[in-house]
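Positions are given from 1 along the sequence. Just so you know, these numbers come straight off a predicted model, no measurement behind them. When reading the values below, keep in mind they use all heavy atoms of this one structure, side chains included, and skip hydrogens, waters and symmetry mates.
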Amino acid sequence: MGTVKAAIPHLSSTDAATRRSSVMLVNSLAQMEESRPEIREQEVVAALINLLKPEEGVMTHEHATKCLLTIADQYTTKSLILENGGIELFVNLITDPDPLVQQNTLETIDLLAADCQCRISLNEANVVTSLLEALSCEYPTIQQLVLRVLYSVCQEECVRTSVKEVNGLEALLKMLTDEELSDLHEGIVQVVGVCMLDTEQLDAMKDSGCLLTLANYVTTTEPAGQLNALRAISTCSGKPENCQILHDHEIETTIMTVLGGEHPGVLAQACLTVSTMAANPLVKETFTKIGVIQALMKLIAHEDQGVQEMSALSLANLSLGSKVVCLDIIQDEHMTQLVEVLEESTSPRILSYLATVVFNIVKFEALREQLVSLNVIQSLSACLTNPDTDVCIAACKALAALVADSSAREELLKTNALGSLVSILKESSNKEVLRKAAWTIGICVANEDMAKELNKNGALRVLMDMCTNDIQGVSNLAVVALEKLLHYDLAAKYWHMGTLSQTDVVKDGFYDTGAHKPGDDFKPIKFLLDRKVDNKRAVLYVSSIGADPEPADLKSEASTTGSTTNVKTGRGTAKGKKPHKAEEKKEEIPEPEPPKEQKDPGKPRVDSSLREYIEEVTTSIAPLPTQAEQITALSLYVSNQMGGPVTSISALSYDLHIAQIKADLKTNVIPIGFIKRGIFYHRALLFKVLADRVGVPASLVRGEYNRAWNEVTLVEGGKSKHYLVDLMWEPGQLLEVGSHGAGVYKKL
């Protein structure tokens with residue numbers, strides 16, 4: 001280490017030979033890592049820069065430049081070179097007759113050019129003129145170094161301006177037509193490409209014929225040259241003004257010619273160039289007219305993955321907002337291949353780009369049906385299981401747009417897409433993926449079938465959990481999806497919320513599993529039917545229609561006793577007989593005949609009793625003149641079917657009655673019409689079902705301890721009043737909501 005300190009004073013010796021020997025020693029020491037920190041000191045760097053002056057000999061220049069090259073990778077050294085006037089001295093040495101001095105100088109300048117301030121200083125020192133002059137040297141290595149440095153310094157706009165001022169591009173493109181300089185063509189095209197970033201420069205190239213020279217070069221040279229020329233075009237076309245100039249020069253035709261080639265690298269770069277230029281509407285229109293869409297569609301199934309990726313990217317950008325392009329894509333003979341690649345590819349880029357193509361096409365309603373017919377739903381469904389976030393997001397967007405079409409929803413139900421969406425919500429930790437999946441589920445819930453399929457896959461539980469999630473933007477979308485899910489699946493809504501509004505119409509297939517308990521999941525009816533009979537609360541099921549009526553000996557009690565019902569009083573009478581006064585006061589409830597073994601235990605029974613109830617109330621209660629009369633008559637009717645007025649729940653023996661039905665049916669799922677001794681929640685559900693059938697607006701509310709009730713609204717004196725319907729103690733009585741009587745009815 002002391003050797004460096006000892007040599008420092010001699011670097012500034014008045015004797016040239018001493019300076020030469022000292023710099024040779026310091027250069028040798030600089031090749032050792034441990035010596036470099038000391039050589040990077042201000043005093044040493046300043047002395048070395050001083051040795052770059054023209055009066056020094058070739059050997060001194062050679063070792064001084066080599067030493068500075070060794071330490072110029074550090075920012076501090078670059079600053080010292082800049083501060084001590086080294087830039088101008090280095091520029092002067094670019095044209096030094098000694099090739100080693102030139103090489104060291106150019107490599108050092110290349111390192112310096114990584115710094116913005118150094119590039120500006122190099123330009124001020126007329127580095128462009130020196131570099132262009134050095135291109136005429138006889139050494140190919142030096143020429144290639146010159147082009148590399150020129151490319152580096154041209155990253156600065158002021159340097160590109162200097163190139164323009166000295167007609168540098170014309171000189172470079174002239175060399176591009178010289179086959180003897182083919183080894184320099186790659187570097188020349190790189191420099192031309194970065195200079196083309198300036199719109200004025202590019203415009204001047206068009207006027208001078210340089211752009212034509214470049215276009216011809218693209219179509220006539222070897223693949224390596226084509227690749228670099230296309231990169232230059234692609235890079236500069238990122239600016240809208242430049243893209244317009246290229247369009248005016250009909251560069252699209254040149255690119256189309258290249259797309260018909262065979263070299264994978266060139267094809268991929270050509271596709272990327274198309275993708276970059278696709279933002280310009282005029283360019284997009286030209287690409288469509290000259291057959292670029294068809295060329296890209298052929299490349300979708302190319303054996304090279306890079307070509308596949310870039311062609312898919314191009315189609316994604318071209319199809320954005322263009323119905324003409326989307327129509328060309330969907331009508332192309334290779335569209336089937338595109339769908340196959342979307343389903344089978346393992347490349348996340350290809351999958352996300354092609355899913356984006358589908359999304360762009362789906363935006364045009366007229367094309368949706370044709371797209372669905374190509375089995376694209378299945379392909380997008382497969383994408384949902386891909387671990388790549390971009391693929392999942394793109395697939396979600398495409399599916400959400402597709403399910404606006406009814407045929408797409410039908411196809412979606414044939415796949416596992418809904419299950420995959422639920423799995424994403426369960427497993428993903430990516431905020432954007434969660435947002436898109438929740439949003440897509442919200443869009444997918446467009447009918448009861450979709451809602452039931454989602455619930456079968458556990459969507460209800462997942463969305464419930466997500467609603468309390470504090471991830472910004474996710475919980476809000478989960479709330480929307482949950483509301484739509486419950487809107488179309490009233491059984492799940494009643495389980496989760498414990499209430500059905502007057503506008504919620506209970507239809508066949510509805511079932512009441514009881515109140516939602518923390519940590520519990522909503523069970524599909526198939527699961528409940530398959531469960532062994534137990535002593536837990538029965539599941540109440542609504543089923544008034546079926547493919548075939550039940551045999552007479554399987555009908556529930558109301559259809560086998562040969563009775564009719566007076567719907568205004570709710571009392572039953574034997575057919576052809578008038579009711580006896582004593583019978584009106586008290587009516588015995590005969591035990592229902594035990595049903596025979598269920599033919600298909602996997603399905604709930606058709607409830608012939610409920611079917612008869614609906615027919616009777618539709619015929620006799622619906623025509624009543626006022627809603628109040630309808631409500632009173634319906635409450636009496638329901639009470640009668642469920643055992644009449646109750647003075648004591650224990651005396652009703654409803655629990656034994658329910659247990660017997662469960663045993664007879666060999667299931668915990670009981671059709672509501674089978675129940676002849678029912679309490680609050682049995683009667684409230686039956687009232688809601690029948691009220692919905694006759695058009696009486698009624699809500700269904702679940703309370704605690706097997707309580708449930710119905711609330712109705714009547715207009716009295718021009719004001720709406722809300723009442724609770726008594727179905728137990730004094731059937732037909734309306735208790736004003738909020739009154740003492742209503743409160744008693746709701747509680748034990």
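- Panel note: side chain S314, backbone C271; a donor-acceptor pair is recorded below 3.5 Å.
- Scanning all heavy atoms of the two residues, the minimum distance from L320 to K363 falls at CD1-NZ, 4.0 Å.
- D198 approaches E157 most closely through the heavy-atom pair OD1-CG, 4.1 Å.
- The pair D73-R40 meets the salt-bridge criterion, with a side-chain N (NZ, NE, NH1 or NH2) lying under 4.0 Å from an Asp/Glu carboxylate O.
- Remark: side-chain polar atoms of K5 are not paired, donor with acceptor, to backbone N or O of E38 under 3.5 angstrom.
- Under a 4.0 Å N-O distance rule, the pair E432/R435 qualifies as a salt bridge.
- Taking CZ of R349 as the reference point, atom CE of M310 lies at 6.0 Å (rounded to 0.5 Å).
- With respect to E62 and K66, no salt bridge is recorded, no charged nitrogen being found less than 4.0 Å from a carboxylate O.
- Between the side chain of S121 and the main chain of Q117, a donor-acceptor pair closer than 3.5 Å is present.
- In this structure, the side chains of I142 and Q103 come closer than 4.5 Å at one or more pairs of heavy atoms.
- Annotation: K239, atom NZ; neighbour count of heavy atoms from other residues, nucleotides and ligands within 6.0 Å is above 12.
- Panel note: side chain T257, backbone T253; a donor-acceptor pair is recorded below 3.5 Å.
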